[in-house]
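Below: the structure, in structure tokens.
Protein chains get the first letters and strands the later ones, always in sequence-line order, with residue 1 at the start of each.
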Amino acid sequence: MTIKELANKIQNREVNIIELTTTYLEKIVRKQSKYNSYITVSDKYAIERAKQLEQQLDSMEKSNLASLSPLYGIPFSAKDLYLTSGIRTTGGTRMLNEYIPTYSASLIDRLEREGAILLGKTNCDPFGFGSSTENSDYGTSGNAYNPNYVSGGSSGGSAASVALDTSVFSLGTDTGGSIRQPASFNNVVGLKPTYGRSSRYGVIAYASSLDTMGPITKRVEDAAIVLNSMAGYDPLDATSSKQEVVDYTYNLGEDIKGIKIGIPRQYMDGEIDSDVRNAYEKSIKIFENLGAKIVEVSLDMSDYAVSAYYIISTSEASSNLARYDGIRYGYSDRSGRKLDDIYVESRTKGFNDEIKRRVLLGTYCLSSGYYDEYYKKALKLRTLVIEDYKKALEKVDIILAPVFPTPPFRIGEFESDPIQMWLADAFTVSLNVFGGPGLSLPTDFSRDGVPIGVQIIGDYFSEATLLKAGYAFEHESKLYLKTPQDE
Amino acid sequence: MAATTYRVYTMTKVTNKTIIHLAKLAKLKLTRDEINIFSKQLSEFLSHTKKMNEISIEDVKPTSNVTGLVNRTREDRVKDSISQSMAIANAPVSTKGGYFKVEKYHDNQRTSK
């Protein structure tokens, strides 16, 4: 059922919000030990909210029901980077194992004001550091189609919770692909909006010039509905855009005949797994069937994007993570003799290897003697990446690309080689460096039976175009009809 | 798009000595093994970035953020914020009088309480 269909049933009083919420909470319990999608389940809170919302419906005039938000009574999950007042928020790290925020992220407030019901916080790589959710201090999350395979990352729990239908939709974050990749690994839709489209306030920071908040949903229309609530200026986020918010559902269902879709030469010629290549070629055919014009484009900077991304993001992360010092919140070790010992002991014990690795690299890139060679150079590369995308997007409306060079892999496969894992982010990170929007769409399944998606990319604030094209694509591929085996 | 192979450039070596220095800057304590491993991993990644030298980048202006926004200020007006008790609610050790408690930073010695 789509959000719109569910919303109609809620407003017609065919579906009781309390029963709906209870059903979802029961599903979470049934699937938690097998898939580990959630870190915290806020069951009492969700039931309380459901009761309030159902009561409110009872007291409303029937004629006013239609003015309710389509998210009213809809259960959702949020990646554990989103602060949720009174509900434990761990960031996926043991450093924040006991942290209970006293305020919520702006986006959480917004969704709750519209009547959406938070079921719980989903598992993720700590601070967003990872592409498989294997770096989480709360165990890894299994792929919805085979729990021996990774759920992707860093929003792995979010994507799996939607695919397993243990939430109707989920809030994720995408700094280097962390919405698009896990969505494509779980046969669901992932939208990374333009940087600045949705508020970063109250979301645990990874890289402040790259972090982008977006929805993971089963259907493209659902993503458009959630984006309608997420998009918009927030004075509490200094890089929040004042760009006008449109109704992202408005153009859905329109013909996309004649739309120009760019295929980057570098991606077509590159080394990718044959299942991924088949999925990519399948997606091109689907768009051709829809009347799109396929055009070759060139993304000359694609080879340098990973370097730029990891230098910029780890540098910003090393600065953002300086706040974890054992003083105001988080893990604290007070056994030392000096103030400095509190910092060192708390951080050393609170941060795992992946966190230390990125903090050290970021520290290096910003340190005296290396700043120009790495950080400043990466900022220049960013300028070139932006120009590169702008140049390609002059020729086409949308760029079509793979999301990851391989299908979802087995848990533990990259364990001994974290840097190889970083290099595999090549298809996703360049979009973050550019800052534009990207929508990942279910496309195919691998030989091993795990999902493979593709992504469509557009110019700044072209989310409506991407959603329109994605909607048409989804109705051709019909992959939303496929769900994980055990229900 | 090479995921598993890449041309090997002159290896950038991030030495153990550098790692120790970085750890000090980042307020981290590392074991001998960790120093060796991080040295190897950072070297591996930074060797990959040597690719950046392939292109001429001298005259390019750096982009700090993609929005083009500069110096976004707000009115200097007091607004509602969270209360003091909420602000210290997650303090790892008990607070006193609404303050965070820390070790006394004095002559590198912990004073008696």
Side-chain angles (χ1 to χ4, degrees), chain A residues 99-100 102-103 195-196 209 235 238-239 241 266-267 270-272 302-304 307 310-311 318 325-330 332 334 337-339 342-344 347-348 351 356-357 359-361 363-364 367 374 376-377 379-384 386 405-406 418-420 422-424 426-427 434-435, chain B residues 1-6 14 18-19 21-30 34 37-38 40-42 44-46 48-55 57-67 69 72 74 82-83 85-93 100-105 108-110:
Chain A
Y99 177 64
I100 301 183
T102 52
Y103 65 101
Y195 175 81
S209 77
T239 60
S241 173
Q266 292 79 3
Y267 293 171
E271 269 181 48
I272 53 177
S302 47
D303 261 359
Y304 312 105
S307 297
Y310 272 99
I311 292 170
S318 71
D325 56 10
I327 303 295
R328 289 162 298 160
Y329 43 71
S332 182
R334 303 265 169 155
R337 296 172 56 80
K338 313 189 295 246
L339 181 62
I342 300 180
Y343 301 151
V344 174
R347 291 165 66 81
T348 300
F351 285 162
K356 287 186 176 116
R357 186 164 27 248
V359 166
L360 288 170
L361 177 58
T363 306
Y364 181 83
S367 66
Y374 293 106
K376 194 132 170 249
K377 201 179 277 188
L379 294 186
K380 293 182 175 192
L381 272 182
R382 173 151 49 189
T383 305
L384 295 179
I386 293 170
T406 70
I419 305 300
Q420 276 306 318
W422 288 7
L423 299 181
F427 291 128
F434 165 49
Chain B
M1 251 313 43
T4 52
T5 64
Y6 52 91
V14 180
T18 302
I19 297 287
H21 171 65
L22 296 175
K24 187 153 165 269
L25 289 176
K27 303 281 183 214
L28 294 170
K29 193 171 70 178
L30 303 176
E34 284 170 339
I37 293 170
F38 288 137
K40 185 168 156 290
Q41 289 170 345
L42 262 60
E44 182 186 346
F45 171 71
L46 290 168
H48 171 83
T49 68
K50 279 273 174 278
K51 272 184 199 242
M52 298 192 299
N53 298 333
E54 280 171 6
I55 44 180
I57 210 166
E58 280 311 303
D59 301 323
V60 180
K61 275 183 69 189
T63 298
S64 293
N65 89 79
V66 306
T67 62
L69 296 166
R72 221 180 196 179
R74 63 172 177 82
I82 58 175
S83 66
S85 58
M86 276 164 73
I88 59 177
N90 282 285
V93 300
F100 291 106
K101 240 170 116 186
V102 298
E103 294 309 307
K104 197 163 183 179
Y105 186 77
N108 287 346
Q109 282 190 350
R110 188 192 220 174

For [X], is it the side chain, the backbone, both or neither that has a heavy atom under 4.5 Å from a heavy atom of chain A?
| X | value |
| --- | --- |
| I57(B) | both |
| I37(B) | neither |
| R72(B) | side chain |
| K61(B) | backbone |
| L28(B) | both |

Atom pair [atom1]/[atom2] of [X] and [Y] - distance to nearest 0.5 Å:
| X | Y | atom1 | atom2 | answer |
| --- | --- | --- | --- | --- |
| K27(B) | R347(A) | NZ | CZ | 9.0 Å |
| Y310(A) | F45(B) | OH | CZ | 8.0 Å |
| R382(A) | N65(B) | CZ | CG | 7.0 Å |
| Y103(A) | M86(B) | OH | CE | 10.0 Å |
| H21(B) | T363(A) | NE2 | OG1 | 9.5 Å |

Exercise. Who wins among A89(B), A91(B), S83(B), S64(B) for the most heavy-atom pairs under 4.5 Å with chain A?
Worked result: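 Looking at each of A89(B), A91(B), S83(B), S64(B) in turn, S64(B) comes out on top.
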
Exercise. Most heavy-atom pairs under 4.5 angstrom with chain A, which of V93(B), L30(B), N53(B)?
Worked result: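 Looking at each of V93(B), L30(B), N53(B) in turn, V93(B) comes out on top.
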
Please give me the minimum heavy-atom distance between [X] and [Y], naming the atom from each residue.
| X | Y | answer |
| --- | --- | --- |
| L42(B) | R357(A) | CD1-O, 4.1 Å |
| P92(B) | G326(A) | CG-O, 3.6 Å |
| K51(B) | Y304(A) | O-CE2, 3.3 Å |

Among [options], which has the most heavy-atom pairs under 4.5 Å with chain B?
| options | result |
| --- | --- |
| I386(A), L339(A), T383(A) | T383(A) |
| R328(A), K376(A), K377(A) | R328(A) |
| V359(A), I327(A), D325(A) | I327(A) |

With a 4.5 Å limit on heavy-atom distance, are the side chains of [X] and [Y] in contact?
| X | Y | result |
| --- | --- | --- |
| L360(A) | Q41(B) | no |
| I55(B) | L381(A) | yes |
| Y195(A) | T67(B) | yes |
| I311(A) | M52(B) | yes |
| L46(B) | L361(A) | yes |

Problem set entry | Main-chain N/O of I100(A) paired with N90(B) side-chain donor or acceptor, under 3.5 Å |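 Yes, the answer is positive, given that a donor and an acceptor are paired below the 3.5 Å cut-off.
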
Exercise. Would you say the side-chain atoms of T49(B) pair up with the backbone N or O of S307(A), donor to acceptor, closer than 3.5 Å?
Worked result: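 Not a single qualifying donor-acceptor pair exists.
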
For this session: Go through V66(B) and S209(A) one step at a time and tell me if the side chain to side chain contact (heavy atoms under 4.5 Å, CB included) criterion holds.
Result: CA-CA 8 Å; V66(B) 306; S209(A) 77; over 6 Å; no

For this session: Could you look at I342(A) and say if it's the side chain, the backbone, both or neither that has a heavy atom under 4.5 Å from chain B?
Result: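 For I342(A), the side chain is the part near chain B, not the backbone.
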
Problem set entry | Atom group of F351(A) that falls short of 4.5 Å from chain B, counting heavy atoms |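 Just the side chain, heavy atoms under 4.5 Å.
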
